[in-house]
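Side chains are part of it too, since the values below use all heavy atoms of this structure and drop only hydrogens, waters and symmetry mates.
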Amino acid sequence: MSRIVIIGAGQAGAALAAKLRALGHEGPITMIGEEPAPPYQRPPLSKKYLLGEIGVERLYLRPAEFYAEHGIELRLGLQAARIDRAARVVHAGGAAIGYDMLALTTGAVPRRLPAAMGGDLGGVHLVRTLADVDGMAPAFREGARALIVGGGYIGLEAAAVAAARGLKVTLVEAAARILQRVACAETSDWFRALHLAHGVDLREGTGLVRLTGDGHVRGADLTDGTALEVDFVIAGIGVTPATDLAEAAGLTIEDGIAVDALGQTSDPAIWAAGDCASFPWRGGRLRLESVQNAIDQAEAVAANMLGAGAAYDPKPWFWSDQYDVKLQIAGLNTGSDHVVVRPGEKTGISHWYYRGADLLAVDAMNEPRAYMTAKRLIEAGRSPDPALVADPAVDLKTLMAA
C-alpha cells in the first residue's frame, strides 16, 4: 500500500485526503500543516468570523474526529523544511517522513508591505490565517480609524466589515480604479458606489508612500499628498503562490508549481493542487485562487494519484460578500472585448462579458438567477444574443432556450 504525504492542511489538502479515502485508498496518509488548527474555511474569516457571527468550530472543514476515524494522520504546527526527492522523504520538525507519492497543497501567501514603507510596524495586518484575523479583531472597535491598502476583493471585503462595525474607513488603491485587475469598469463603478454609500473614504489612483509610528502605526502618508491618522492598517495587496519548497526541490515553477493536465509535477511522484499550482488550460497555463478550484482540482488529483488518468478541466466560479450584497462570478473574463449590462430585480444587476459573440463570464450582484443562467450557458459553451441579455423584459429562461 503506497504511503501518501500531503504538505498543506488547507482546503485543497483536506479535500485531497478525504477524496483518497472515499476512492478506496487504504495506505497511510499524512497531512502536514504549518498552522496549529485543523483544516478550516478561509472565506468566513474576514466576514462572519470577524463580525463574531460564528465561532471557530464553525470554520472547521471536518470535525476533529473525522481524520482519526479515516486514518488520516494530522501533523499540525509543523513546517516542512525540505523534500528529498531521491530518498522520497519530507523533512519536517526534525522528522523524516517517507512517501511513495507526495501532494503539494501549499496554497498562497499574502504580499506584505515592505519594511521600508513601515510594513513591519505593529497594527499592520494581513488577512489570510486564523491567527491574522484573531490578531486584528481587537482593533475593530467603533470609531477606530482603519486604513485598507488595496482595492481588490480582500480589501473591499475588509472595508465592508470595518464600515459595518462603525469604524472610520479609508481605502486606497494605487490603480485607476478598484477591482481593475479582475473586473470590468462597470463592476468597479457599482462597488465604488456601494462603498461610498456606506461611508468609506475610497481613494483610487492613490498609493501609499509610507506608514509612520513609533513601534505601532499611527499615520499614513499618501501619494496624493495627504497624511492620515490611523489606528491600524490592513494590507490587501494580493498573494503569491507558495512555491519555495517546490522550487528548492528542483520542481518546475511557472506562475506556481507547474503540473500537467493530471496534476503531476515535473517529478512523477509529486503532485500539486490548489492556489499553489498552475495547469494547462486553453493552450496556455492557468492558476486559480478560489475555494472551488482548491476542492475540484484536489479531488481530481486524488483520483489521478490512484490511476484515473482524467484531465482536469475546471468550470471556474467565485463569490464575494460585501455588506448585504453577494457577488457571484462564473467563467473567466480574460480576453473579453465588451460588457453587456442586464438590470435585475430590485437592486440586483449583472454584467455579462463577451469576446465578439462568445459569452465568457458574468458578474452578478444580488442576481442569483442571472448567475445560474450564465453559468449553465458558459459551461455548455452557448452564447445568447447580447441584445436579448441586455433587455430585462426577456425572461432568463428564454436565454437558456435560445
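The 12-atom threshold is exceeded at CD of E53, counting heavy atoms of other residues, nucleotides or ligands nearer than 6.0 Å. Around the CD atom of E65, the shell of radius 6.0 Å holds more than 12 heavy atoms that belong to other residues, nucleotides or ligands. No more than 12 heavy atoms of other residues, nucleotides or ligands sit less than 6.0 Å from atom CZ of R112. For R58, the CZ atom is loosely surrounded, since the number of other residues' heavy atoms within 6.0 Å does not exceed 12.
Side chain of D363 to main chain of H351: no donor-acceptor pair is present (N/O by atom type, distance under 3.5 Å, no hydrogens or angles). A donor-acceptor distance shorter than 3.5 angstrom exists from the side chain of R285 to the backbone of V259, with no hydrogens or angles considered.
Side-chain contact check for V341 versus W352: every heavy-atom pair is 4.5 Å or farther apart.
Between D189 and R192 there is a salt bridge, with a side-chain nitrogen of the basic residue lying less than 4.0 Å from a carboxylate oxygen of the acidic one. The residues D255 and R287 are annotated as salt-bridged, a charged nitrogen and a carboxylate oxygen being separated by less than 4.0 angstrom. Remark: E35 engages R42 in a salt bridge, criterion side-chain N to carboxylate O under 4.0 Å. Here R145 pairs with E229 in a salt bridge; the nearest charged N to carboxylate O distance falls below 4.0 Å. Using a 4.0 Å cut-off between a side-chain N of Lys or Arg and a carboxylate O of Asp or Glu, D324 and K326 do not qualify as a salt bridge. Contact check on D267 versus R88 returns no salt bridge, with no Lys/Arg side-chain nitrogen under 4.0 Å from an Asp/Glu carboxylate oxygen. With salt bridges taken as basic N to acidic carboxylate O contacts below 4.0 Å, one links R203 and D224.
The two atoms that bring L262 and G309 nearest to each other are CD2-C, 3.6 Å, heavy atoms only. Closest heavy-atom contact between L211 and A220: CD2-CB, 3.8 Å. The two residues A17 and I6 come nearest to each other via the heavy atoms CB-CD1, 3.7 Å.
The aromatic rings of F279 and Y312 sit perpendicular to each other, their planes meeting at more than 60°, with 30° as the lower class boundary. Ring pair F232/H125 is perpendicular by interplanar angle, where above 60° counts as perpendicular and below 30° as parallel.
Sorted by first and then second residue, the side-chain hydrogen bond (donor to acceptor under 3.5 Å, both in side chains) pairs with a member in residues 159-178 read R177-S188; sequence neighbours excluded.
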